[in-house]
Amino acid sequence: MSDMTKPKKKREMLSSYTILFIILIVVALISIAMSMAIPDITGATLGDVLMAPAEGFVDAVDVCLFVMVLGGFLAIVERSGALNAGISTLVRAMGGNELKLIPILMVIFSIMGTTYGFCEESVGFYALLAATMMAAGTDVLVGAAMVLLGAGCGVLGSTVNPFATGVASATLTSIGIPVDQTIIIVLGLILMVVADVISIVFVYNYAKKVKADTGRSILTGHEIEAAEKEYGSAAKAVAEAKAITGRQKAVLVLFAVTFVVMIIGFIPWEDLNVDAFNAGYASEEVTAPITGEEIVAAWGDGGIDGDLVFNTEPDATVTTETTTSLGWSAFLTGTPLGQWYFAEATAWFLIMAIVIGIVAGLSERELVDTFIAGAGDMMGVVLVIALARGVSVLMDVTGLSNWILASAAAGLKGMSAIVFAPLSFILYVLLSFLIPSSSGMATVSMPIMGPLAVELGFSPEVMVQIYSSANGFVNLFTPTCGAIMGGLALARVEYSTWLKFATKLLVILFVVLVVIVTVACMVVPA
């Protein structure tokens with residue numbers, strides 16, 4: 001065979017691990033170069049770079065543990081045969097209209113994103129929808145896109161999301177700047193709906209193309225092989241058309257209940273003025289004597305200069321409010337529904353993995369071995385999350401984020417709305433790489449950007465949405481977000497493939513979002 005007729009070897013893209021290591025090194029080099037001229041930036045040392053992945057794991061240990069337990073949980077459900085049977089039944093019931101699931105589920109995810117910042121919590125859905133979409137005749141990339149873009153469009157159009165617009169509004173109010181929540185909600189809905197429509201059309205068209213011809217999938221050979229190994233059984237189950245058993249039906253009900261309860265647990269109901277899950281909460285005031293030594297110790301802990309000395313023992317008491325009952329929904333984890341985070345979700349999935357294993361008829365040895373094997377399969381995902389968080393840790397240690405914020409804010413003074421809004425959006429895009437946390441970004445930036453917007457005669461509500469939409473936009477593709485990297489790894493999609501798929505969409509969304517916030521900055525009164 002001549003060289004002209006030999007098939008070309010398809011070049012594989014860089015893995016997520018390699019990309020993250022490269023980013024880590026680049027951040028370190030930038031900090032070193034900038035520290036030579038800027039006192040506020042500390043150059044990264046070799047120790048900082050080498051310790052960043054470990055520090056990232058420590059910082060994200062709650063998410064990592066949740067992912068491992070989730071892996072064990074999914075493995076037990078998979079062992080029961082219920083998941084494949086359920087997906088098979090769903091796909092057959094859709095009668096060739098499986099793609100209708102795309103807009104339905106993406107809108108649901110967006111609603112969860114705009115109300116309570118559904119992001120890290122979405123990790124558990126990647127594997128489920130990757131298997132479903134593969135069984136439907138498309139590929140795992142469609143399943144990953146449904147979750148990431150669906151939830152992401154909701155987050156970038158946050159309305160009552162307490163971790164984004166909530167923290168930002170509270171920060172402005174605390175420094176004396178009043179905020180009109182109605183403006184924030186209306187602008188958030190506009191951003192969400194527009195981004196949703198564009199994203200749904202984009203994902204649907206790709207899915208339709210792949211369903212018609214699987215050869216048009218942009219997945220690499222390695223990704224297709226990995227997806228087939230992990231989720232191919234779901235596609236085969238559709239062709240086999242086996243009847244679902246009673247045990248499998250029970251497992252599927254428990255499977256659905258597990259995710260529903262997790263979602264309910266994460267939604268901050270109190271912030272939404274819903275007290276149903278705190279019913280039975282009670283507290284009481286407790287008064288106790290306090291000694292001079294305790295007062296002196298508190299004085300010292302407060303960092304107050306000077307020594308405090310009592311000539312005689314004081315006759316003093318302290319009154320505190322002690323919780324006597326956390327409410328009915330706290331009986332399971334000790335934390336009421338609506339106040340859960342990853343520790344509580346981890347405990348919940350562990351409990352339900354055991355329950356489902358028993359209902360499925362697994363022996364004690366089968367249950368334990370299956371769970372451990374499933375948790376072990378998630379170690380690659382855990383390492384990706386740790387590396388992603390490690391980049392954020394290094395950025396924080398070097399002081400790059402704070403310096404960029406202060407310098408950019410100073411440069412924005414005196415600009416008109418048509419210039420101020422786009423540049424502020426771009427600033428937040430850059431900062432969101434350095435500070436992926438939406439609440440952390442709001443806390444750090446709003447005391448600077450909010451007063452600046454008011455000083456220039458612009459609406460503080462629009463400033464909140466510039467921050468929120470830019471931060472949410474970045475979380476559609478930033479490699480420093482553990483939820484994105486972990487979710488893509490679960491779906492067996494490489495980060496470089498995601499960028500190849502989403503780049504055109506991201507450019508469109510960037511332009512549209514900038515136009516919306518710029519017009520809002522021009523027309524919404526201060």
Side-chain angles (χ1 to χ4, degrees), residues 16-17 19-67 117 119-120 155 163-164 166-168 170-171 341-342 382-411 424 426-450 467-468 470-486 495:
S16 300
Y17 307 102
I19 291 172
L20 287 169
F21 269 118
I22 291 173
I23 292 173
L24 192 68
I25 293 170
V26 169
V27 169
L29 292 175
I30 290 174
S31 70
I32 293 171
M34 294 183 68
S35 67
M36 297 177 182
I38 303 169
D40 294 334
I41 295 179
T42 303
T45 65
L46 178 61
D48 291 333
V49 175
L50 296 180
M51 286 299 296
E55 294 289 351
F57 178 79
V58 172
D59 196 44
V61 68
D62 52 351
V63 182
C64 293
L65 185 58
F66 170 72
V67 168
C119 183
E120 283 91 350
V155 173
F163 307 110
V167 175
T171 302
Y341 203 51
F342 284 106
V382 167
L383 290 175
V384 166
I385 294 173
L387 275 173
R389 192 66 66 90
V391 175
S392 299
V393 169
L394 187 63
M395 290 173 173
D396 184 54
V397 168
T398 57
L400 278 172
S401 55
N402 289 336
W403 177 83
I404 292 175
L405 173 61
S407 301
S424 295
I426 293 170
L427 169 62
Y428 271 115
V429 167
L430 295 174
L431 286 173
S432 294
F433 282 101
L434 309 180
I435 310 175
S437 167
S438 58
S439 56
M441 173 68 75
T443 303
V444 170
S445 67
M446 273 300 131
I448 298 173
M449 298 301 293
Y467 135 76
S468 180
N471 185 257
F473 170 75
V474 170
N475 281 330
L476 297 178
F477 63 93
T478 176
T480 60
C481 176
I484 291 178
M485 303 304 286
Y495 176 69

How close do [X] and [Y] get, heavy atom to heavy atom, and via which atoms?
X    : Y    : answer
V382 : V67  : CG2-CG1, 4.4 Å
F473 : V429 : CD2-CG2, 4.2 Å
L394 : A52  : CB-CB, 4.5 Å
V27  : V391 : CG2-CG1, 4.4 Å
V155 : S468 : O-OG, 3.8 Å

Backbone N/O of S424 and side chain of Y467: donor-acceptor pair under 3.5 Å: no
Residue pair D48 / T45, side-chain donor-acceptor N/O under 3.5 Å: yes
Distance-only polar pair, side chains of S445 and Y428, donor-acceptor under 3.5 Å: yes
Residues M34, I30; criterion side-chain contact (heavy atoms from CB on, under 4.5 Å); working and verdict: CA-CA 6 Å; M34 294 183 68; I30 290 174; 3.6 Å; yes
So how far is it from [X] [atom1] to [Y] [atom2], rounded to the nearest 0.5 Å?
X    : Y    : atom1 : atom2 : value
T478 : M485 : OG1   : CE    : 8.5 Å
I41  : S31  : CD1   : OG    : 8.0 Å
S35  : L400 : OG    : CG    : 9.5 Å

Candidate pair M449 and L427, rule side-chain contact (heavy atoms from CB on, under 4.5 Å), full reasoning: CA-CA 11 Å; M449 298 301 293; L427 169 62; 4.0 Å; yes
Chi angles and distances behind the side-chain contact (heavy atoms from CB on, under 4.5 Å) call for L24, L20: CA-CA 6 Å; L24 192 68; L20 287 169; over 6 Å; no
Heavy-atom side-chain proximity of P479 to I23 below 4.5 angstrom: yes
L387 vs F21, side-chain contact (heavy atoms from CB on, under 4.5 Å): CA-CA, chis, key distance, verdict: CA-CA 8 Å; L387 275 173; F21 269 118; 3.8 Å; yes
